[in-house]
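Being a predicted model, the structure only gives us computed values, none of them experimental. Lettering of chains follows the sequences in order, A, B, ..., and the numbering in each one begins at 1.
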Amino acid sequence: MKTRQLPPSFYRCSALQVAPDLLYCRLAVRESSGKIKRLTISETEAYVGEEDLACHASRGRTTRTEVMYQEGGVFYVYLIYGMYYMLNVVTAVRDRPEAVLIRGTREVSGPGRLTRDLQLGGELNGRPVTPKSGVWIEEKERPPKRIRKGPRVGVSYAGAWADKPYRFIGEDR
DNA sequence: CATTCGATCGGG
DNA sequence: CCGATCGAATGA
């Protein structure tokens, strides 16, 4: 059984490349019991920088978006609607604010449910995507048979950017 | 300071 | 469709 974690170079390119590449990779979480839970990533969305009106960084550096400006390979986690944490992986190079939202896994659908079920929160924000953080990502054993693309969810306010096919769903048929 | 609002979810 | 629930962003 392969359990290789993704190399740092994986995250150092565009979110548009990383988002589909993350499909079927394994999200690994070390639980308090010491046991490691692994989920297969099945849905992602790319947020591609300051020009992207759906990206939080479209309004520049702020307290919240600062981690997006880090070199790819750290988590960007924020609270939304006062009750759900969104789990993102920062990609690209330093000062290039791109990120991939992990929207769902085969086991758990929905970005809010995912973090709730795995009990992941703000403490992960800015931490590296490595076992040191207790949460990391491992290589896929096989790629999805198909990758469906579509507009991102919940960003209708983003004008022309709302329609771009930056949402990726991995399927086996 | 005050107010608005969101990369969601679950219930009706 | 609507309410929950709260921090960050925005505006006065």
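Residue A:Y157 places at least one side-chain N or O under 4.0 Å from the OP1 or OP2 atom of B:dA7. Phosphate proximity of C:dA9 to A:T62: present, with a side-chain N or O under 4.0 Å from OP1 or OP2. Dashed line: the shortest gap from a side-chain N or O of A:R116 to OP1 or OP2 of B:dC9 is not under 4.0 Å.
Comparing B:dC5 with C:dA12, their P atoms sit 14 Å apart, to the nearest whole Å.
The CZ atom of A:R103 sits 5 Å away from the P atom of B:dT8 (whole-angstrom rounding). Straight-line distance from the CG atom of A:N125 to the P atom of C:dG7: 15 Å, rounded to whole Å. We find that OH of A:Y76 is positioned 11 Å from C1' of B:dG6, with the value rounded to whole Å. The distance between atom OH of A:Y85 and atom P of B:dA7, rounded to the nearest whole Å, is 16 Å. Between the CG atom of A:D117 and the C1' atom of B:dG10 there is a distance of 14 Å, rounded to whole Å.
For A:R96 and A:Y69, the positive end is not near the middle of the six-membered ring at less than 6.0 Å and at most 45° from its axis.
Side-chain proximity of A:M83 to C:dT5, B:dA7, C:dA9: nearest is C:dT5. In the set B:dG6, B:dC9, B:dT8, the nucleotide with an atom closest to the side chain of A:R113 is B:dC9. Closest to the side chain of A:V155, out of B:dA7, C:dA9, B:dC9, is B:dA7. With distances taken from any side-chain atom of A:Y81 to the nucleotides C:dT5, C:dA8, C:dT10, the minimum falls on C:dT5. Side-chain proximity of A:L79 to the nucleotides C:dG7, B:dT8, B:dA7 is greatest for C:dG7.
A:M86 pairs in a side chain to side chain contact (heavy atoms under 4.5 Å, CB included) with only one of the listed residues (A:I80, A:L79, A:L120, A:V77), which is A:I80. Each of A:R26, A:R4, A:Q5, A:R38 was compared with A:E138 under the side chain to side chain donor-acceptor pair (under 3.5 Å) criterion, and only A:R38 meets it.
Using a 3.5 Å distance cut-off with no hydrogens or angles, the side chains of A:R106 and A:S42 do not pair a donor with an acceptor.
Counting non-hydrogen atoms under 4.0 angstrom, A:G112 reaches the backbone sugars and phosphates but no base. Nucleic acid contact for A:R152: none, since no nucleic acid atom lies under 4.0 Å from a heavy atom of the residue.
Across all strands shown, B:dC9 pairs with C:dG3; the Watson-Crick or G-U wobble distances both stay below 3.5 Å.
Using a cut-off of 4.0 Å between Lys/Arg side-chain N and Asp/Glu carboxylate O, A:K37 and A:E31 are scored as salt-bridged.
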